[in-house]
Number of protein chains: 2
Amino acid sequence: MNDELLQVLRRPPRERADAARNRSRVLEAAGRLFAEGGVAALTVDAVAREAGVGKGTVFRRFGDKSGLVSALLDQRERELQEAVVFGAPPLGPGAPPRERARAFFDAYLTYLADHLDLVRLSETASPGARFRIGAYVFWHRHLALLCADRPDPDHLAHVLLGMVAADLNTELLAQDMGWDRIRAGVASAVDRLVDPSYSP
Amino acid sequence: MNDELLQVLRRPPRERADAARNRSRVLEAAGRLFAEGGVAALTVDAVAREAGVGKGTVFRRFGDKSGLVSALLDQRERELQEAVVFGAPPLGPGAPPRERARAFFDAYLTYLADHLDLVRLSETASPGARFRIGAYVFWHRHLALLCADRPDPDHLAHVLLGMVAADLNTELLAQDMGWDRIRAGVASAVDRLVDPSYSP
DNA sequence: TAGACAAACGGACTTGGGTCCGTTTACTCT
DNA sequence: AGAGTAAACGGACCCAAGTCCGTTTGTCTA
């Protein structure tokens with residue numbers, strides 16, 4: 001096995017220049033359209049037109065609409081992810097699980113409140129889209145680790161994340177439940193679910 | 001205010017004969033198509049064609065696709081609802097809240113396992129459809145009553161129902177989590193969330 | 001720098017949910 | 001029975017997501 005072959009195996013061929021250019025053009029166009037007209041303005045056709053590319057290009061770059069919107073949100077979400085992995089406690093490592101979980105949900109709800117429409121779009125663009133998003137998998141792992149001493153951390157983590165589904169919270173807001181009340185409800189459930197010995 | 005006016009106020013004008021006939025024709029057609037080809041065969045156009053009615057008729061009768069599928073599920077779900085309201089404990093009235101809640105989730109998971117595809121279709125046909133379905137509202141009230149002594153029964157009931165969202169459970173099955181494991185996870189969460197004094 | 005090839009391109013096309021509106025039909029009241 | 005009316009009808013139409021495939025373009029090698 002020669003070096004060349006090894007190299008090929010190692011490096012996934014890097015993105016062509018035009019592809020990279022179009023990726024950012026599309027993202028910028030999407031950002032612009034959303035800023036002007038909200039989620040209603042975010043149709044794939046409109047984004048493609050605004051970006052000056054064909055519609056096929058958008059789908060090749062981002063897979064589907066959900067992928068496009070997730071990419072738009074990527075930056076913000078990445079910051080939260082880094083804070084969880086490298087940041088100070090209680091969000092970052094060091095604090096006891098229940099407190100880390102609470103800190104996470106608190107931070108995530110802030111993020112959700114700031115971007116509810118986009119997150120909802122990315123989660124409901126197609127059935128099951130929510131679970132395919134990279135960030136979901138990441139949060140799921142994080143929570144499962146925090147629940148490691150519970151009977152089924154894997155299932156429990158899914159249940160916990162269910163509380164911050166964009167669709168659910170859109171509904172709660174529509175029913176006049178404010179973010180403060182949602183925060184309190186989530187916090188209380190987190191306490192009871194994450195910490196086996198908790199009972200206030 | 002005369003009698004006639006009172007009567008008009010009281011009785012919502014009953015369904016016209018042709019309307020009723022078409023309602024059942026459409027439901028039968030939908031049932032047939034689903035039996036033959038599963039959810040993939042359940043397009044509104046196909047249902048309308050099979051029923052021998054226009055597409056507009058389907059939408060007038062059922063509102064949207066989600067409504068049509070909910071109507072298909074109605075029978076089964078009604079049985080469960082009756083068991084909850086009039087049946088024997090622990091599903092029906094009489095047992096302590098935690099046990100009623102457990103019995104409900106157990107029964108609902110059976111129902112879900114039997115009709116997962118259809119329930120998923122009805123819940124994800126459009127964003128937020130889940131919360132607009134009559135049954136959702138019913139279950140929500142039931143659970144909120146069972147949690148009456150918790151700080152925020154309304155929010156908590158939504159969280160509990162999140163655990164049996166068809167979309168989530170489809171994903172769990174796809175990840176090789178079986179119904180037995182799902183049942184256990186749900187039961188454990190119900191215990192901890194519904195009963196303030198529970199800690200096994 | 002030429003030529004080969006994979007990758008990217010783009011827009012016509014397909015599919016499916018949902019709307020619209022001119023026409024038809026079941027009921028009601030006399 | 002016959003006229004009036006509200007409701008129901010149906011299919012053409014619209015919109016938006018996602019696919020397909022013939023064409024173009026960047027990149028790598030000689």
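Sequence lines set the chain letters: A, B, ... in the order given, protein chains first and strands last, and positions in each chain run from 1. Worth knowing before you read on, the calculation uses all heavy atoms, side chains too, and leaves out hydrogens, waters and symmetry mates.
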Starting from [atom2] on [N], measure out to [atom1] on [X] and report it in whole angstrom.
{"X": "Arg25(B)", "N": "dG10(D)", "atom1": "CZ", "atom2": "C1'", "answer": "13 Å"}
{"X": "Glu15(A)", "N": "dT25(D)", "atom1": "CD", "atom2": "P", "answer": "18 Å"}
{"X": "Arg16(B)", "N": "dA7(D)", "atom1": "CZ", "atom2": "P", "answer": "9 Å"}
{"X": "Asp18(A)", "N": "dT25(D)", "atom1": "CG", "atom2": "P", "answer": "10 Å"}

message: Heavy-atom nearest nucleotide on DNA chain C for Arg21(B) versus Asn22(A): which residue maps closer to 5'?
response: Asn22(A)

- line: Separation between CG (Leu91(B)) and CD (Glu82(B)), nearest 0.5 Å, reads 12.0 Å

query: Between atom CG of Leu160(A) and atom NE2 of His155(A), what is the distance when rounded to the nearest 0.5 Å?
result: 10.5 Å

task: Give me the residues of residues 126-137 of chain A where at least one heavy atom lies under 4.0 Å from an atom of DNA chain C, by number, or none.
output: none

message: Near DNA chain C, counting only heavy atoms under 4.0 Å, which residues of residues 40-63 of chain A show up?
response: Val53(A), Gly54(A), Lys55(A), Gly56(A), Thr57(A), Arg60(A), Arg61(A)

- prompt: Within a reach of under 6.0 Å around CZ of Arg32(B), are more than 12 heavy atoms found that belong to other residues, nucleotides or ligands?
  reply: yes

message: Counting only heavy atoms not in Arg21(A) (residues, nucleotides, ligands), do more than 12 fall under 6.0 Å from its CZ?
response: yes

- prompt: With under 30° as parallel and over 60° as perpendicular, where do the rings of His115(B) and Tyr111(B) fit, or are they tilted in between?
  reply: tilted

message: Classify the ring geometry of His158(B) against Phe131(B): parallel below 30°, tilted from 30° to 60°, perpendicular beyond 60°.
response: perpendicular

message: Against the six-membered ring of Phe105(B), is Arg183(B) placed for a cation-pi contact (under 6.0 Å from the centre, within 45° of the normal)?
response: no

field: Between Gln175(B) and Glu171(B), a side-chain donor and acceptor under 3.5 Å
entry: yes

